[in-house]
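All remarks here apply to the structure that follows.
Here the structure is a predicted model, which is why all the values come from computation and not from measurement. First the proteins, then the strands, lettered A, B, ... as listed; each starts at 1.
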Amino acid sequence: MEIAKTYNHTESEKRLYSQWMQKGFFKSTPDGREPYTIVIPPPNVTGVLHMGHMLNNTIQDVLVRKARMEGKNACWVPGTDHASIATEAKVVAMLKDMGINKTDIGREEFLKYAMQWKDKYGGIILEQLKTLGASCDWDRTSFTMDEGYYQAVIDVFIDLYNKGQIYRGTRMVNWDPKGLTAVSDEEVLHKEVNSKLYFVKYPIAEIEGEYITIATTRPETILGDTAVCVHPDDERYKHLAGKHAVIPMVNRKVPIIFDTYIDLEFGTGALKVTPAHDINDYNLGIKHNLEVIDTLTPEGKLSEAAGFYIGQDRFAVRKQIAIDLEAQGLLVKVEDIKNKVGYSERTDAVIEPKLSMQWFLKMDTVSKPALDNVLNGEVKLIPEKFINTYKHWMENVHDWCISRQLWWGHRIPAWYGPNGKTVVCKTAQEAVALFAAQNITVTEAELRQDEDVLDTWFSSWLWPIAVFDPTIFGKEDKTGNADLQYYYPTNDLVTAPEILFFWVARMIIAGYEYIDKKPFSNVYLTGIVRDKQGRKMSKSLGNSPDPLDLITQYGADSVRVGMLLSSPAGNDLMFDEALCKQGSMFGHKLWNAFRLIKGWEVDDSKTQSEASKTACDWFENRFNEEVANLSDLYSKYRMSEVLMSVYKLAWDDFCSWFLEMVKPPFGEKIDKVTYDKTVELFEGLLKVLHPFMPFITEEIWHTLKERGEDEYIIVAEYPKIIKTNSTLITEFALFEGIVSNVRNIRKEKNISPKETLELAIKGAKDGLSQSWLDLITKLCNLSAINFVTEGLQGMPSFVAGSFECFVPITIEVNAEEELKKLTADLDYTMGFLKSVQAKLANERFVANAKPEAVESERKKEADANAKIKLLEEQIGALK
RNA sequence: GGGAGCAUAGCUCAGCUGGUUCAGAGCAUCUGCCUUACAAGCAGAGGGUCCGCGGUUCGAACCCGUGUGCUCCCACCA
């Protein structure tokens with residue numbers, strides 16, 4: 001069979017993925033095996049694959065594939081999130097392009113458009129994951145607004161409401177004037193910006209001609225001021241006790257209040273108080289019983305209540321009012337200032353603190369088990385440094401504002417009857433009954449359902465439970481269906497640290513609240529993907545490569561390797577396309593190793609040489625040694641180190657050493673034993689590589705030898721840890737030392753690799769068997785190895801282990817240079833010996849250090865002495 | 001303002017409970033080679049005040065203090 005000179009990833013990946021699908025290898029149903037479960041962090045249903053997805057899904061796939069090969073029942077549940085704000089914004093924009101206004105068509109009609117949009121663009125990202133090789137059980141694909149899931153969310157709301165954990169109240173919320181909705185604290189990004197600090201004079205009502213000067217960055221809110229506040233200890237303002245200030249423009253007389261909240265140093269020490277538009281002012285307002293005047297419309301324009309600039313945007317008013325105040329002689333000065341301004345994560349609009357009626361979830365009691373079980377290690381965060389952050393957040397958690405003024409999402413199951421009475425239940429029919437129980441008579445038609453939907457995270461926090469059993473919520477019995485019992489708690493969660501609070505913490509809360517069990521055992525927090533200059537990858541910077549382009553160009557395996565070559569857990573990773581290149585070169589290397597082996601002709605009658613046997617034994621041991629090491633690295637989630645170890649095992653140990661050792665001379669055939677063993681060893685290598693490079697390993701696996709119908713590497717048995725023979729490893733080290741020394745001499749003396757050399761070894765043969773000597777002969781292209789009793793004067797030499805080696809050559813040797821080299825080596829060794837001896841001469845070292853440490857120093861001393869002796873002999877001979 | 005983390009080769013990073021054959025890896029660089037699997041390769045080589053300063057210790061990249069420089073998270077200072 002003709003094997004292509006280069007591996008065609010495009011053709012191969014497509015074919016193999018559909019074979020895997022067809023064979024049902026990704027599919028999982030409960031059985032007697034140990035389960036291994038991961039639920040995907042559901043991407044936005046209308047999102048597209050970005051580098052962050054690539055990273056965490058590659059890691060998940062590596063974990064899942066390894067678990068599957070280890071014989072576990074591996075289940076990776078995929079799905080998407082409805083992402084209310086983001087998706088609604090996209091649909092609104094689309095409708096706008098069609099000349100349709102959301103409010104004109106109404107809720108029902110809007111949701112139809114939204115569903116159409118979701119059906120059209122939703123799930124693109126899941127298709128993209130397939131090109132990456134993600135081995136998800138696609139039959140289990142979930143969506144947070146699937147019928148069952150939708151009901152689960154509603155059940156949870158009702159249940160928590162009935163438990164008294166959910167309440168409705170007027171609160172200062174973060175209002176997004178662009179998205180026209182409240183957003184949670186976590187969805188507000190604070191950025192430092194250059195602002196202006198306006199100093200404005202407010203006349204004192206009781207004292208003609210006297211003013212109090214306040215400083216503000218938001219002068220447009222002056223119209224909503226209902227007090228001026230100063231510090232009770234502030235000497236400058238003590239005489240104003242009981243007096244009133246007059247708000248400019250609106251001429252409202254407001255009290256001057258005293259509160260220690262005030263910072264004496266800032267501005268003028270006098271604060272204008274606008275309870276409707278500032279959280280601190282709001283709190284002051286409650287404390288001092290102040291009037292609340294809401295001067296903003298939901299769109300961020302000045303409202304009727306403002307009295308002036310009605311209908312104008314708040315930022316336009318900010319400029320205008322400064323001009324108008326100046327004209328009235330009330331603007332004292334304007335200073336430049338840097339301050340933090342909140343922006344909406346979703347729409348990038350400047351957040352306005354605004355009073356509104358919202359639904360909240362009490363967090364104090366429900367979060368308790370979620371905190372405890374992370375602190376006690378029941379749920380592990382990797383890396384551990386995130387435990388501190390988590391703890392801090394959980395201990396200072398605020399009530400969660402869960403309502404959003406949107407239509408795309410789970411509509412709040414609250415019903416309003418006459419007199420503003422509220423009941424919470426699934427249907428209008430039930431609501432009527434609930435009202436009836438309170439002796440209130442209403443008809444379904446008279447009821448009004450709450451217009452708002454729930455925060456997206458209020459649905460995704462149920463993800464690890466709801467994807468298996470969406471019907472469990474609010475039931476007495478927390479056992480759940482067969483899937484839930486089998487797969488829950490899941491094993492690993494792989495996600496970005498950015499959503500530790502949004503999502504991870506809340507899933508843990510939901511887990512303990514509804515199942516009394518953790519949702520997962522380990523949370524692997526990946527880093528943020530940055531470009532090589534360390535900048536965060538973003539659309540606006542245009543520094544993010546399109547992952548699909550990368551896959552097209554380099555192949556999925558290469559991109560996976562590229563991502564993982566540089567991704568320590570929890571640390572950001574600097575992505576460089578060159579790493580994908582490195583990945584594809586590695587694939588090329590494997591392909592060539594495969595071509596070499598496949599190209600060998602087997603001679604059944606030939607017996608295996610001792611040298612080949614030694615080579616096979618050595619690599620087998622080396623491989624086993626590495627399997628143990630990999631297992632250790634995996635257990636610590638050090639993915640890039642696992643990959644790098646496998647990389648070196650394949651490239652250096654297998655290709656550069658092993659294959660060269662067993663390779664038959666040109667024109668000769670290979671014996672069957674060695675050939676079969678080589679194939680077997682290569683298979684082992686492919687297995688440990690498979691989680692990282694699923695496609696090329698599967699491709700080689702099938703072409704390497706005849707396979708049965710269902711014999712795929714994806715389900716092959718992962719190599720087990722086997723005790724290694726350390727003698728072979730030590731012997732190899734000596735062998736390697738001799739080979740590279742000879743190569744060095746070749747290089748230094750400019751001797752072509754084709755020209756054969758001789759090697760003379762002074763001393764006994766102990767330590768290296770004939771097969772190792774044969775291998776040295778082969779790899780160094782020697783004509784002979786001779787054991788001698790006297791050193792070869794004037795010939796290039798080196799010391800390896802306890803061997804003194806010489807390479808007799810006809811080319812003239814520069815004795816001076818040789819001498820210099822040996823002297824340098826001697827100097828180093830003597831210096832080393834001196835430091836060792838100094839240490840041993842130190843009584844306190846011998847007395848205090850561990851016995852092993854002292855013993856090791858003595859061995860060093862002996863070795864150094866032996867080496868010095870050899871070197872001195874050689875130097876003596878040269879002179 | 002509070003908290004966390006980081007600083008080791010040109011780059012990205014390892015370095016476990018302190019013990020100089022541990023100062024390492026990969027990439028990049030340089031030098032030879034078109035050797036019949038692979039030039040997308042092979043074989044070699046160079047390269048570091050382990051951020052500065054102090055301390056603990058027989059001994060410090062590692063522990064402690066301090067300074068500097070980055071990064072991230074949290075927070076209601078107008």
Side-chain angles (χ1 to χ4, degrees), chain A residues 3 5-6 172 185 190 197 214-218 221 229 261-263 265-268 270-274 278-283 337 339-340 342 353 383 385-389 391-393 396 497-498 500-501 528 532 534 565-568 570-574 576 578-579 581-582 584-600 636 638 640-641 644-645 647-648 651 655-656 659-660 663 665-667 740 743-744 746-748 750 752-754 781 828-829 831-832 835-836 838-839 841-850 852-854 856-857 860 863-864 867:
Chain A
I3 295 161
K5 201 155 185 211
T6 52
M172 183 65 68
D185 291 344
H190 293 274
L197 188 60
I214 57 87
T216 179
T217 52
R218 297 192 298 157
T221 62
C229 187
Y261 160 74
I262 299 300
D263 177 359
E265 306 298 318
F266 190 89
T268 60
L271 171 75
K272 63 189 272 308
V273 184
T274 325
D278 186 283
I279 180 69
N280 304 300
D281 294 12
Y282 176 69
N283 292 334
I337 187 177
N339 68 337
K340 292 267 181 97
K385 66 178 178 184
F386 286 106
I387 293 173
N388 284 325
T389 324
K391 178 167 180 270
H392 187 258
W393 189 77
N396 297 288
E498 301 157 320
L500 184 59
F501 309 127
I528 296 166
K532 53 181 168 182
L565 271 176
S566 68
S567 50
N571 280 341
D572 291 355
L573 87 128
M574 311 296 166
D576 186 345
L579 293 168
K581 178 90 178 146
Q582 194 183 342
S584 76
M585 289 200 276
F586 182 45
H588 184 68
K589 183 74 187 175
L590 293 173
W591 189 253
N592 275 297
F594 160 63
R595 284 178 57 219
L596 173 68
I597 296 168
K598 196 67 191 163
W600 285 340
K636 295 170 183 155
R638 307 180 84 151
S640 61
E641 286 179 55
M644 186 47 75
S645 300
Y647 179 93
K648 285 192 279 189
W651 201 307
C655 293
S656 298
L659 289 180
E660 293 301 329
K663 191 187 209 172
F666 183 63
S740 46
R743 283 173 176 169
N744 242 327
R746 232 181 231 290
K747 164 94 174 152
E748 273 167 26
N750 248 325
S752 157
K754 287 176 198 160
N781 192 19
Y828 174 82
T829 315
F832 174 66
S835 80
V836 173
K839 198 183 281 184
N842 187 330
E843 281 170 31
R844 277 182 292 186
F845 170 71
V846 181
N848 300 334
K850 281 179 285 187
E852 305 94 84
V854 179
S856 131
E857 291 306 308
K860 285 177 196 169
D863 290 350
K867 187 165 180 186

Yes or no on side-chain contact (heavy atoms from CB on, under 4.5 Å) for A/L500 and A/W393, after CA distance, side-chain angles and deciding distance?
CA-CA 10 Å; A/L500 184 59; A/W393 189 77; over 6 Å; no

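- Shortest non-hydrogen contact noted between A/M172 and A/Y282 is CE-CB, 3.5 Å.
- A/R218 comes within 4.0 angstrom of nothing in the nucleic acid, heavy atoms only.
- From A/L271, atom CG reaches atom CG of A/D281 across 5.0 Å, with rounding to the nearest 0.5 Å.
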Heavy-atom protein contacts under 4.0 Å, nucleotides 1-9 of chain B, coded B base, S sugar-phosphate only, - none
---SS----

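- Of the nucleotides present, B/rG32 is the one that pairs with B/rC42 by Watson-Crick or G-U wobble criteria, both distances under 3.5 Å.
- Pairing of B/rA9, defined by two Watson-Crick or G-U wobble distances under 3.5 Å, is not identified with any nucleotide.
- When the C1' atom is used for both B/rA9 and B/rU17, the distance is 27 Å, rounded to whole Å.
- Residues A/T217 and A/N339 are in side-chain contact: their nearest non-hydrogen atoms beyond the backbone lie under 4.5 Å apart.
- The separation of B/rC63 from B/rC50, taken at their C1' atoms, amounts to 16 Å, rounded to a whole angstrom.
- Atom NZ in A/K272 sits 12.5 Å away from atom SG in A/C229 (nearest 0.5 Å).
- Counting to the nearest Å, the C1' atom of B/rU12 and the CD atom of A/Q582 are 10 Å from each other.
- Relative to the side chain of A/M644, the nucleotides B/rG26, B/rC38, B/rU31 differ in distance, and B/rG26 lies closest.
- Between A/I262 atom CD1 and B/rC76 atom P the separation is 17 Å, expressed in whole Å.
- With RNA chain B read from its 5' end, the first of the two nearest nucleotides for A/G667 and A/N283 is the one closest to A/G667.
- One interatomic measurement links the two molecules: CG of A/L565 to C1' of B/rA28, which rounds to 14 Å at whole-angstrom precision.
- Across B/rC11 and B/rG54, the matching C1' atoms stand 32 Å from one another, rounded to whole Å.
- Across B/rU68 and B/rC77, the matching C1' atoms stand 29 Å from one another, rounded to whole Å.
- Residue contacts for A/W651: at a heavy-atom cut-off of 4.0 Å it reaches the sugar-phosphate backbone alone, with no base atom in range.
- Under the Watson-Crick or G-U wobble criterion, with both distances below 3.5 Å, B/rU56 is left unpaired in every strand shown.
- Across all strands shown, A/N744 has heavy atoms under 4.0 Å from sugar-phosphate atoms exclusively, and none from any base.
- Closest to the side chain of A/S740, from the set B/rC74, B/rG26, B/rG44, is B/rG44.
- Note: A/L596 CG to A/E660 CD = 8.0 Å, rounded to the nearest 0.5 Å.
- Straight-line distance from the NZ atom of A/K636 to the P atom of B/rC16: 10 Å, rounded to whole Å.
- A/D263 has its CG atom 17 Å from the P atom of B/rC76, to the nearest Å.
- For A/N396 (side chain) and A/H392 (main-chain N/O), a donor-acceptor pair under 3.5 Å exists by modelled atom type.
- In a base pair of the Watson-Crick type (N1 to N3 plus N6-O4 or O6-N4) or a G-U wobble (N1-O2 and O6-N3), with each distance short of 3.5 Å, B/rC72 is matched with B/rG3.
- Rounded to whole Å, the P atom of B/rG67 lies 23 Å from the corresponding atom of B/rA61.
- Rounded to whole Å, atom C1' of B/rG26 lies 12 Å from atom CD of A/E641.
- Across all strands, A/S752 comes closer than 4.0 Å to no nucleic acid atom at all (heavy-atom distances).
- Remark: the separation of the P atoms in B/rA25 and B/rG48 is 14 Å, to the nearest Å.
- As rounded to the nearest Å, B/rG46 and B/rC62 have P atoms that lie 27 Å from one another.
- Between B/rA43, B/rA40, B/rC38, one nucleotide has an atom nearer to the side chain of A/S656 than all others, and that is B/rA43.
- Among the protein residues, A/F586 comes within range of no part of the nucleic acid, since none of its heavy atoms lies under 4.0 Å from any strand.
- The side chain of A/R743 lies closest to B/rG44, out of B/rG44, B/rC76, B/rC38.
- Residue-level contact check: A/K754 touches the backbone only, with heavy atoms under 4.0 Å from sugar-phosphate atoms and none from bases.
- When both pairing distances are held under 3.5 Å, B/rA23 makes no Watson-Crick or G-U pair with any nucleotide shown.
- Here A/C229 lies out of heavy-atom contact (under 4.0 Å) with every strand.
- For the P atoms, the distance from B/rU35 to B/rG26 is 25 Å, rounded to whole Å.
- With rounding to whole Å, A/D576 atom CG is found 14 Å from B/rC27 atom P.
- Within 4.0 Å of A/E660, counting heavy atoms only, lies at least one base atom of the nucleic acid.
- Heavy atoms of A/K581 sit nowhere under 4.0 angstrom from any nucleic acid atom.
- Remark: P of B/rC38 and CD1 of A/I3 are 13 Å apart, rounded to the nearest angstrom.
- The partner of B/rG48 cannot be assigned: no Watson-Crick or G-U wobble pair with both contacts below 3.5 Å exists in any strand.
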